[in-house]
Amino acid sequence: MVNEAGPIGVFDSGYGGLTILRQIRKEMPQYDYLYLGDNARTPYGERSFEVVYEFTRQAVRYLFGQGCHLVILACNTASAKALRTIQHVDLQRIDPKRRVLGVIRPTVEVVGNISKTRHVGIMATDGTIRSKTYELEIEKMSPDIQVTGEACPMWVPLVENDEYDSPGADYFVKKHIDNLLSRDPLIDSVILGCTHYPLLLGKIRQYMPPGVHIIEQGGYVATSLKDYLGRHPEMEKRITQGGSVRFLTTERAEAFRSKAVVFMEEAKLDASQQLAAERVFLE
Ligand code: DGL
């Protein structure tokens, strides 16, 4: 494994993590980033604990092998199902000095300050909802908050298949918002607990009652990472500062490139250095 300084690794089952990477780069453009999307095996949302753990572990090892000392699981499903075991078991074996961080904790940290009614909703993949990770984490930080989870199994496929803006998406977006709010009408804050969901934000806003606060995680994850690096100069020293971003995918590079433009809103930026993707195989 490479011991010199390297980029920050960012991992997702597919494209969703790009919404997190975009916010992290906005906050800290100075670092180098290496994004890995497991597009060949996405979605992870309905997969078992063992499978999500194994796929995530492979991805983390791959990114470590590419010189990353710090890897962000920019995927709620992987953060819910694999993060703890990787932190407590795998890191000890691979290299206790490397770090893997998730996206759930930084999101949960802000909920207590946002909800007034102390009734919070989570919209996420089936795997994240069934893991109850959000409930457990919120319970630790704000035990007075009542949490209701709603699995939205169609939302990731809508995004992955470019249907997030189509009339067909309206049905599924409205259905799950209505389900959630009918189960607990006192909910005043809803966490979008899946990194794909920001692409559905236009429709989510349309069907969410105006008084309900929609919590998007990208900005909070970025602020929390910045804070983490401020508190851990030994890790910060091990990140290279060339301002670059490289993309790896386990599926076709060209398909990744064209999709990534949408997720990263990179079309607005200088396209020259951006969005060349490279295919890799995980094992
Ligand atoms: N982006 C992932 C998340 O945040 C979910 C996508 C999937 O189901 O693979 O949970």
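In listed order, ligands and their atoms are each counted from 1. Along the sequence shown, residues are numbered consecutively beginning with 1.
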Students should be able to answer this: which protein heavy-atom is nearest to atom 7 (C) of ligand 1, and at what distance?
Tyr44 N, 3.3 Å
So, Tyr53 versus Asp90: side-chain donor-acceptor pair below 3.5 Å or not?
yes
Please confirm whether the backbone N or O of Cys75 pairs with a side-chain atom of Ser79, one donor and one acceptor, at under 3.5 Å?
yes
Looking only at atom types and distance, does a side-chain atom of Arg183 sit under 3.5 Å from a main-chain N or O of Gly149, one as donor and one as acceptor?
yes
Looking at Ser13, which atoms of ligand 1 are within less than 4.0 Å of one of its heavy atoms?
6 (C), 7 (C), 9 (O)
Among Asn76, Asp126, Val52, which one puts a heavy atom closest to atom 4 (O) of ligand 1?
Asn76
Which protein non-hydrogen atom lies closest to atom 10 (O) of ligand 1, naming both residue and atom, and how far is it?
Thr77 OG1, 2.7 Å
Between Ile104 and Val156, is there shared hydrophobic-cluster membership here, with clusters defined by ILVMFWY side-chain heavy atoms closer than 4.5 Å?
no
Any idea how Phe55 and Tyr44 line up, ring-wise: parallel (<30°), tilted (30 to 60°), or perpendicular (>60°)?
tilted
Thr128, any N or O under 3.5 Å of ligand 1 N or O
no
Region of Thr42 engaging ligand 1 - heavy atom pairs below 4.0 Å
side chain
May I ask you to identify, for Asp12, whether its side chain, its backbone, both or neither come under 4.0 Å of ligand 1 on a heavy-atom basis?
side chain
Quick check on Cys75 - does any of its heavy atoms sit under 4.0 Å from an atom of ligand 1?
yes
Looking only at N/O atoms, are Thr125 and ligand 1 under 3.5 Å apart anywhere?
no
Would you call Lys174 and Asp170 a salt bridge, using N to O less than 4.0 angstrom?
no
Crowding at CZ, Arg84 (>12 non-hydrogen neighbours, <6.0 Å)
no
For ligand 1, is there an N or O atom under 3.5 Å from any N or O atom of Gly193?
no
Counting only N and O atoms by type, is there a donor-acceptor contact under 3.5 Å from the side chain of Ser13 to the main-chain atoms of Asp38?
no
Could you tell me whether Cys194 approaches ligand 1 through its side chain, its backbone, both or neither, with non-hydrogen atoms closer than 4.0 Å?
both
Nearest to atom 8 (O) of ligand 1, what protein heavy atom do you find, and at what distance?
Gly45 N, 2.8 Å
